[in-house]
Amino acid sequence: MSNLAPAAAPEPCAGEPGPRPTLEALPGRLTDLGGLPIRRLLPRSRRRLVGPWCFLDSYGPLAFSSGKPMDVAPHPHIGLQTVSWLLEGELLHNDSLGLEGRAGPDMLNLMTAGRGIAHAEETPPENAGRLRGLQLWVALPERTRATEPAFDQHRALPVLELPGGRATVIMGSLGGTQSPARAFSPLVGADVSAEPGRRLVLPLDADFEHALVPLQGGLRLDGQPLAIDTLYYLGCGRRELPVFGETGPARALLLGGAPFGETILMWWNFVARSLEEIVAAREDWEAGRRFGDVEAYRGPRLAAPPLLARPVAGP
Ligand code: MN
């Protein structure tokens, strides 16, 4: 997906990892893309990063009988990985490497943008008429952010079975269960299911900061009922996370990672470090350089929005 409403000026995003366990609720900010409801959960003014996770949109649920509720024309990315994860429905990815990935529930579409790639994501013509999913970005660390672009699809992700539920490990590792997906810094992304009436204890890495985003059903944490599509920031220092499944099936996304330690500059679909890099990437996209064409997509590509640099105070 494309960042649909970018700020005109690039936004510096730094982590502010909570040194101790905490529980901060950040309700998703609602936007709408042609009838497809989208909640923006990262970045937010109060929380820009969770480990290397720098972007999270939750969309749907939506039922439809015609058309393409998801139709994001070709657009460029640099300096990040896109993680596309569906709870319901289908998504068709095509990119400028000529790769195609048709994804459904429990399938990971992982695109490593590195120094530059373009892709399109759309609802395929044959579909279930329902759509519910997540779009995430992982910021790449300085040493690897200019890596070669790549696209991988994973159809058989490992599942950590636990008393009271399970967790599909999408990225990184959880409780010793490791995702095969390529990652560039220590992190976890997992789709957690809790059985109703059961307590589920997720094993965490105490060196990571974490967040939990309830997606379906009812969950309690610390005796408190959790709201759907709200990002609960948990801080660092937790060795485990006990959640209670109230009404089911209850599902939540667990995000975490080592505090990123680098300030990134985000604008539109770019993760960079300097304004010059963003200007260069924008000019390359507008001039048809660097990123290549998404030949499989029928229709015009997205134009870059106007870029306004924030005035910098003089000496
Ligand atoms: Mn995209």
Side-chain angles (χ1 to χ4, degrees), residues 15-31 37-51 53-62 83 85-88 105-106 132-136 159-172 174-175 187-206 208-257:
E16 289 179 29
R20 286 178 300 282
T22 180
L23 185 60
E24 293 168 20
L26 286 166
R29 186 163 49 80
L30 187 66
T31 56
I38 294 177
R39 272 86 48 201
R40 171 69 44 84
L41 292 150
L42 282 177
R44 305 295 303 279
S45 53
R46 280 169 57 200
R47 180 61 52 193
R48 304 282 186 175
L49 295 171
V50 178
W53 299 98
C54 62
F55 183 94
L56 170 54
D57 272 354
S58 170
Y59 54 87
L62 182 76
V83 171
W85 185 251
L86 290 169
L87 283 75
E88 292 183 89
D106 295 321
R132 171 85 170 109
L134 303 168
Q135 172 69 57
L136 300 111
V159 176
L160 175 64
E161 296 285 349
L162 295 162
R166 64 198 53 78
T168 301
V169 184
I170 303 167
M171 294 286 288
L174 182 70
L187 83 169
V188 61
D191 186 333
V192 176
S193 297
E195 293 162 17
R198 299 284 303 276
R199 184 172 183 266
L200 169 67
V201 180
L202 297 167
L204 302 185
D205 185 328
F208 284 8
E209 56 178 340
H210 290 94
L212 190 72
V213 181
L215 301 171
Q216 280 179 359
L219 277 176
R220 272 180 189 269
L221 175 61
D222 295 345
Q224 182 185 130
L226 302 181
I228 299 291
D229 283 330
T230 292
L231 185 135
Y232 291 91
Y233 181 71
L234 303 168
C236 296
R238 290 182 189 257
R239 298 192 176 282
E240 55 181 37
L241 187 70
V243 295
F244 187 78
E246 269 202 323
T247 52
R251 274 174 89 171
L253 177 73
L254 175 72
L255 290 182

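All values reported here derive from a predicted model rather than from experimental measurement.
- Note that CZ of Arg198 and CG of Leu162 are 10.5 Å apart. Values are rounded to the nearest 0.5 Å.
- Across Cys236 and Glu209, no two heavy atoms sit closer than the pair SG-CB, 3.6 Å.
- Residues Ala252 and Leu212 come closest through the heavy atom pair CB-CD1, 3.9 Å.
- In this structure the side chain of Leu160 never reaches within 4.5 angstrom of the side chain of Leu202, judged on heavy atoms.
- Between Phe208 atom CZ and Leu174 atom CG the span is 9.5 Å, to the nearest 0.5 Å.
- Among Leu42, Leu136, Ile38, the single residue meeting the side chain to side chain contact (heavy atoms under 4.5 Å, CB included) criterion with Asp57 is Ile38.
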- Message: Working note: Trp85 + Leu215, criterion side-chain contact (heavy atoms from CB on, under 4.5 Å); need CA distance, chi angles, decisive distance, verdict.
- Response: CA-CA 12 Å; Trp85 185 251; Leu215 301 171; 5.8 Å; no
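- In this structure, CG in Leu49 is found 11.5 Å from CG in Leu255, a value given to the nearest 0.5 Å.
- Taking 4.5 Å as the limit, every side-chain heavy atom of Leu219 sits out of range of all side-chain heavy atoms of Val192.
- Panel note: side chain Tyr233, backbone Gly18; a donor-acceptor pair is recorded below 3.5 Å.
- A 4.5 Å side-chain heavy-atom check between Leu234 and Leu23 finds at least one atom pair inside the cut-off.
- Of all heavy-atom pairs spanning Gly245 and Ala194, the tightest one is CA-CB, 4.1 Å.
- Atom CG in Leu26 sits 13.5 Å away from atom CZ in Arg40 (nearest 0.5 Å).
- Shown here for Pro43 and Cys54, the closest heavy-atom pair between the two residues is CD-O, 3.4 Å.
- Contact between Pro37 and Leu30 at its shortest, heavy atoms only, is CB-CD1, 4.3 Å.
- With values rounded to the nearest 0.5 angstrom, Glu240 atom CD is found 13.5 Å from Asp205 atom CG.
- With Arg47 contributing its side chain and Glu16 its backbone, the two residues share a donor-acceptor pair below 3.5 Å.
- Formation of a donor-acceptor pair under 3.5 Å by the Arg199 side chain with backbone atoms of Pro163 is not found in this model.
- Annotation: side chain of Leu231 is not in contact with side chain of Arg44 (no heavy-atom distance under 4.5 Å).
- Contact between Val50 and Gly256 at its shortest, heavy atoms only, is CG1-CA, 4.3 Å.
- Shown are Leu86, Leu134, Thr31, Asp229; of these, the side chain to side chain contact (heavy atoms under 4.5 Å, CB included) with Tyr59 is made only by Leu86.
- Remark: the backbone N or O of Gly218 is paired with a side-chain donor or acceptor of Thr247 at under 3.5 angstrom.
- Here the straight-line distance linking atom CG of Leu204 with atom NE2 of His210 works out to 4.5 Å at 0.5 Å rounding.
- Counting heavy atoms from C-beta on, the side chains of Val159 and Glu161 come closer than 4.5 Å.
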